[in-house]
Amino acid sequence: MAEKYKYYHYNPSKAAAVIFTVLFLLTSLFHLVQTIRQRTWYFLAIVVGGFMEAVGYAARIKSSLETPNWKLGPYIMQALLILVAPALVAATIYMILGRIILVSGGEQYSLIKKKWLTKIFVAGDVLSFLVLAGGSSLLTSKDPTKIKNGERIILIGLFIQIVFFGLFALVALIWHKRMRSNSANLPLPAHLPWPKHMYVLYLTIVLIMVRSIIRVIEYIQGSDGYILTHEVFLYIFDGALMFLAVAIFNVIHPRALIEAGKGTPISSSVEMGLR
């Protein structure tokens, strides 16, 4: 029975794995430097998530060198790390919204107070992370029943992620709408670029949401489904989307908000909160 289970339904591409290992390594190192220099410690989650992605794709390099006699270690490492790393990226996005709300002085327009906003969504993210990790651990079994149960648990974890992410997007949209309607009542400098950072946030939400939906379809189809048996889907709808979600913050970093707002009544009270 164990011999019938195939780790891969294709020969893993070494070239693609190398490219994405390098991409995630570069963006993660850049984030690490930015985090240390700017003391934006809440970005450590995205740093760790990026490095997890890099290690995951590095494990796929190892698998590509083992074709067709793949070993369990590299297989489970790439499956686990690539699957759960987006949860850490999502955690950073939750914290970014809280800081945008702080620096703009518009907490009264949020459905959830800032001190609870991050806690609630990060808690959901941690729950999703643990469920996904637990489900992934069952994929190491040689028992087909345990493997199938692992896939079901992973589906639950992905659904938890989508639900919390969807609620987060709703909270962000409502706050943004209220802010646009009431910004004239706030002591905001004209050059404070909070709307630009909100649009970046929306882009990353879409990227991660699309990735999670494709993953759900993948696990609904099962181990012999079309998505899981074609490697291109992993790189287009997971690797590429997550790289963009991580790398965009190298270019448009939330720290620019506090820099733009220096000297205003708002900035002096929230500068420490942005770190």
Side-chain angles (χ1 to χ4, degrees), residues 4-21 23-24 49-50 52-64 66-68 70-72 74-90 128-129 131-166 203-246:
K4 293 183 179 179
Y5 184 79
K6 294 182 65 175
Y7 292 151
Y8 301 97
H9 293 271
Y10 47 77
N11 295 335
S13 168
K14 178 182 176 182
V18 168
I19 289 171
F20 277 87
T21 298
L23 287 175
F24 277 109
M52 287 173 64
E53 293 272 10
V55 174
Y57 285 104
R60 290 186 70 86
I61 297 175
K62 185 70 167 64
S63 286
S64 72
E66 295 172 346
T67 303
W70 302 295
K71 292 183 175 62
L72 177 62
Y75 169 75
I76 195 61
M77 184 179 294
Q78 62 85 31
L80 174 63
L81 295 180
I82 295 173
L83 184 65
V84 304
L88 294 173
V89 180
S128 169
F129 183 95
V131 173
L132 289 171
S136 298
S137 68
L138 292 178
L139 299 181
T140 65
S141 174
K142 294 183 178 180
D143 183 347
T145 301
K146 288 185 177 180
I147 292 173
K148 184 60 66 176
N149 288 337
E151 292 174 349
R152 293 192 183 105
I153 293 172
I154 288 172
L155 258 179
I156 293 172
L158 288 169
F159 274 119
I160 292 172
Q161 191 175 77
I162 288 173
V163 168
F164 273 90
F165 220 51
L203 175 59
T204 57
I205 288 173
V206 170
L207 292 172
I208 297 178
M209 185 67 81
V210 170
R211 174 260 176 198
S212 296
I213 291 172
I214 296 298
R215 279 290 195 170
V216 165
I217 296 172
E218 172 187 325
Y219 280 95
I220 288 176
Q221 289 181 346
S223 58
D224 293 323
Y226 190 81
I227 293 178
L228 199 58
T229 56
H230 291 77
E231 188 178 23
V232 65
F233 285 98
L234 174 71
Y235 287 104
I236 293 177
F237 291 106
D238 200 311
L241 296 185
M242 289 312 304
F243 171 72
L244 290 173
V246 174

Enquirer: Apply the test side chain to side chain contact (heavy atoms under 4.5 Å, CB included) to residues Asn11 and Trp70: give CA-CA distance (whole Å), side-chain angles for both, the deciding distance (0.1 Å), then the verdict.
Expert: CA-CA 10 Å; Asn11 295 335; Trp70 302 295; 3.9 Å; yes
Enquirer: When rounded to the nearest 0.5 angstrom, what distance separates CD in Gln78 from OG1 in Thr21?
Expert: 11.0 Å
Enquirer: Please report the closest heavy-atom contact between Ile208 and Ala245, naming both atoms and the distance.
Expert: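 Reported closest heavy-atom pair: CG1-CB, 4.2 Å.
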Enquirer: Could you tell me which non-hydrogen atom of Lys71 sits nearest to which non-hydrogen atom of Tyr7, and how far apart they are?
Expert: C-CE1, 3.8 Å
Enquirer: For a quick test of reading the model, state the closest non-hydrogen atom pair linking His9 to Ser223 and the distance between them.
Expert: NE2-O, 3.0 Å
Enquirer: How far does CG of Leu88 sit from CZ of Phe129, to the nearest 0.5 angstrom?
Expert: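 Reported value, rounded in 0.5 Å steps: 5.5 Å.
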Enquirer: Quick one: does any side-chain atom of Tyr57 pair with a main-chain N or O of Gly239 as donor and acceptor, under 3.5 Å?
Expert: yes
Enquirer: Got a second to check how far Ile156's CD1 is from Gln161's CD, nearest 0.5 Å?
Expert: 14.0 Å
Enquirer: Can you tell if the side chain of Val216 reaches within under 4.5 Å of the side chain of Leu155, non-hydrogen atoms only?
Expert: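 Side chain of Val216 against side chain of Leu155, heavy atoms only: contact under 4.5 Å found.
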Enquirer: Taking all atoms of both residues into account, what is the closest heavy-atom pair of Ile76 and Ser136, and its distance?
Expert: CD1-O, 3.3 Å
Enquirer: With a 4.5 Å limit on heavy-atom distance, are the side chains of Glu151 and Ile147 in contact?
Expert: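 Counting from C-beta outward, Glu151 and Ile147 do come under 4.5 Å.
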Enquirer: What pair of heavy atoms forms the shortest contact from Thr229 to Gly225, and how long is it?
Expert: OG1-O, 2.8 Å
Enquirer: Considering the options Leu83, Leu80, Ile154, which one meets the side-chain contact (heavy atoms from CB on, under 4.5 Å) requirement together with Leu139?
Expert: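 One option only clears the test, and that one is Ile154.
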Enquirer: Run the side chain to side chain contact (heavy atoms under 4.5 Å, CB included) test on Leu234 and Ile82 for me, step by step, so that the C-alpha distance in whole Å, both residues' side-chain angles and the decisive distance to 0.1 Å come before the verdict.
Expert: CA-CA 10 Å; Leu234 174 71; Ile82 295 173; 4.2 Å; yes
Enquirer: Under the salt bridge (Lys or Arg N to Asp or Glu O under 4.0 Å) test, which residues partner Glu53, sequence neighbours left out?
Expert: none
Enquirer: Looking at every heavy atom in both Thr67 and Pro12, which two are closest together, and how far apart are they?
Expert: OG1-CD, 3.6 Å
Enquirer: To the nearest 0.5 Å, how far apart are CD1 in Ile61 and CD1 in Ile19?
Expert: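 Reported value, rounded in 0.5 Å steps: 10.0 Å.
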Enquirer: If only atom types and distance count, is the side chain of Glu218 paired as donor or acceptor with the main-chain N or O of Ile227 below 3.5 Å?
Expert: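 It does not hold such a pair.
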Enquirer: When you compare the side chain of Met209 with that of Val206, does any pair of heavy atoms fall below 4.5 Å?
Expert: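 When only atoms from C-beta onward are counted, Met209 and Val206 do not touch, as no gap falls below 4.5 Å.
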Enquirer: Answer yes or no: is there a side-chain heavy-atom contact under 4.5 Å between Phe164 and Ser128?
Expert: no
Enquirer: Centroid-to-centroid, Phe159 to Tyr219, below 6.0 Å?
Expert: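 Not close enough - the centres of the two rings lie 6.0 Å or further apart.
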Enquirer: After noting the C-alpha distance and the side-chain angles of Tyr8 and Ser63, does the key distance pass the side chain to side chain donor-acceptor pair (under 3.5 Å) rule?
Expert: CA-CA 9 Å; Tyr8 301 97; Ser63 286; 2.7 Å; yes
Enquirer: Is there a side-chain contact between Met242 and Phe24 in this structure, where contact means two heavy atoms from C-beta onward sitting under 4.5 Å apart?
Expert: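 Yes - at least one pair of side-chain heavy atoms lies under 4.5 Å apart.
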Enquirer: Verify whether the ring centers belonging to Phe20 and Tyr235 lie closer than 6.0 Å.
Expert: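 So the answer is yes for these two rings.
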Enquirer: Could you give the distance from CG (Leu158) to CD1 (Ile220), rounded to the nearest 0.5 Å?
Expert: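 The distance works out to 9.5 Å.
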Enquirer: Rounded to the nearest 0.5 Å, how far does NZ of Lys146 lie from OG of Ser137?
Expert: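 Separation between the atoms: 10.0 Å.
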Enquirer: Going by heavy atoms in the side chains, are Ile214 and Asp238 under 4.5 Å from each other?
Expert: no
Enquirer: Find out whether Gln221 and Leu228 are in side-chain contact, i.e. whether some heavy atom of one side chain is under 4.5 Å from a heavy atom of the other.
Expert: no
